[in-house]
Amino acid sequence: MESLSIQTPIHREVAGNLAVGDAFELHGKILCARDAALSRLVHMLETGTLGELAVYLQGAVIFHTAVSAAGIGPTSSNKVEIESSIGPLSTAGVRIHLGKGAISTATVARMSGAGSVFAVTPPATALFMDKIVSRRVLAFPEEGMEALFELEVRGLPGIVAAARGESIY
């Protein structure tokens, strides 16, 4: 299977051309967050207090993961705190949500309507460590490894699992 090379930030047209089953490798900066950080981002978005973080969402990839010295690996995206962030963050400019597990048809529809896709990635933490060029905390440092991180990656793999109103689940 041929893999697409996608550079971040991602234009809406690029995400709009992705289809279920497309394999890709990400290059550039991505965001990493889990339950607490994603909920806080959505709250800030809803209350108009996102400030400079809004710039980071434009054309972004959000990987549903914690970041630790042991590595990164996808967490279940269908947890309420995570799945409920997908629609609002898609509307705010996020183009790819990267995680694992089935998401609801309502989430697929809301995300697709905003020009975003959901992709899955294999839970291979050791493999992903070789793909990280740099990392830094962007927000919520008190959340520790579940803070909002920005990583620069080279060749982080994924497969589109939901796009254009369709899902593999």
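Bear in mind that the values here come from a model prediction, so they are computed numbers and not experimental data.
Using a 4.5 Å cut-off on side-chain heavy atoms (C-beta onward), Val61 and Ile10 make contact. In this structure the side chain of Val133 never reaches within 4.5 angstrom of the side chain of Val153, judged on heavy atoms. Contact check for Leu98 versus Leu156: side-chain heavy atoms found under the 4.5 Å cut-off. Side-chain contact check for Phe149 versus Leu31: every heavy-atom pair is 4.5 Å or farther apart. With a 4.5 Å cut-off on side-chain heavy atoms, Leu41 and Leu53 count as touching. Taking 4.5 Å as the limit, some side-chain heavy atom of Leu57 sits within range of a side-chain heavy atom of Leu50. Side-chain contact check for Val108 versus Ser167: some heavy-atom pair is nearer than 4.5 Å. Between Val55 and Glu52, the closest side-chain pair of non-hydrogen atoms is not below 4.5 Å.
Of all non-hydrogen atoms in His27 and Ser5, the two that sit nearest each other are CD2-OG, 3.3 Å. Pairing each heavy atom of Ile103 with each of Tyr169, the nearest pair is N-CD1, 4.3 Å. In this structure, Pro157 and Thr121 approach most closely via the heavy-atom pair O-OG1, 2.7 Å. Heavy-atom minimum distance, Ile82 versus Ser77: CG2-O, 3.5 Å. For the pair Met129 and Ile72, the tightest heavy-atom approach, listed with the atom from each and the gap, is SD-N, 4.2 Å. Summarising the geometry of Val137 relative to Ala147, their closest heavy-atom pair is CG1-CB, 4.1 Å, with the distance given to 0.1 Å.
Note that NZ of Lys79 is 10.0 Å distant from CG of Leu38, once rounded to the nearest 0.5 Å. With values rounded to the nearest 0.5 angstrom, Ser112 atom OG is found 12.0 Å from Phe118 atom CZ. Atom SG of Cys32 sits about 12.5 Å away from atom CE of Met145, to the nearest 0.5 Å. Atom CD of Glu143 is separated from atom CG of Asp35 by 9.5 Å, given to the nearest 0.5 angstrom. If you take CD on Glu150 and OG on Ser134, they are separated by 7.0 Å, rounding to the nearest 0.5 Å.
Results of the side-chain contact (heavy atoms from CB on, under 4.5 Å) test with Ile96 over Leu26, Ile62, Val14 single out Leu26 as the only residue that passes.
Within a 6.0 Å radius of CD in Glu142, other residues, nucleotides and ligands contribute more than 12 heavy atoms. Surrounding CZ of Arg154 are at most 12 heavy atoms belonging to other residues, nucleotides or ligands under 6.0 Å away.
A donor-acceptor pair under 3.5 Å is absent between the side-chain atoms of Asn78 and the main chain of Gly101, judged by distance alone. Although no hydrogens or angles enter the test, the distance criterion places a donor-acceptor pair under 3.5 Å between the side chain of Thr65 and the main chain of Gly73. Side chain of Thr8 to main chain of Lys29: a donor-acceptor pair is present (N/O by atom type, distance under 3.5 Å, no hydrogens or angles). Remark: side-chain polar atoms of Arg164 are paired, donor with acceptor, to backbone N or O of Leu18 under 3.5 angstrom.
Side-chain contact check for His97 and Ser90: at least one donor-acceptor pair (N or O, by modelled atom type) lies under 3.5 Å. Side-chain contact, Arg95 with Ser116: a donor N or O sits under 3.5 Å from an acceptor N or O. A side-chain donor-acceptor contact under 3.5 Å links Glu83 and Ser104. Under 3.5 Å, the side chains of His64 and Thr75 contain no donor-acceptor pair of N or O atoms.
Clustering ILVMFWY residues whenever any of their side-chain heavy atoms sit less than 4.5 angstrom apart, transitively, puts Ile30 in a cluster other than the one holding Leu148.
Taking a cutoff of 4.0 Å between a charged side-chain nitrogen and a carboxylate oxygen, Lys131 and Glu25 do not qualify as a salt bridge. Using a cutoff of 4.0 Å between basic side-chain nitrogens and carboxylate oxygens, Glu146 and Arg34 are scored as salt-bridged.
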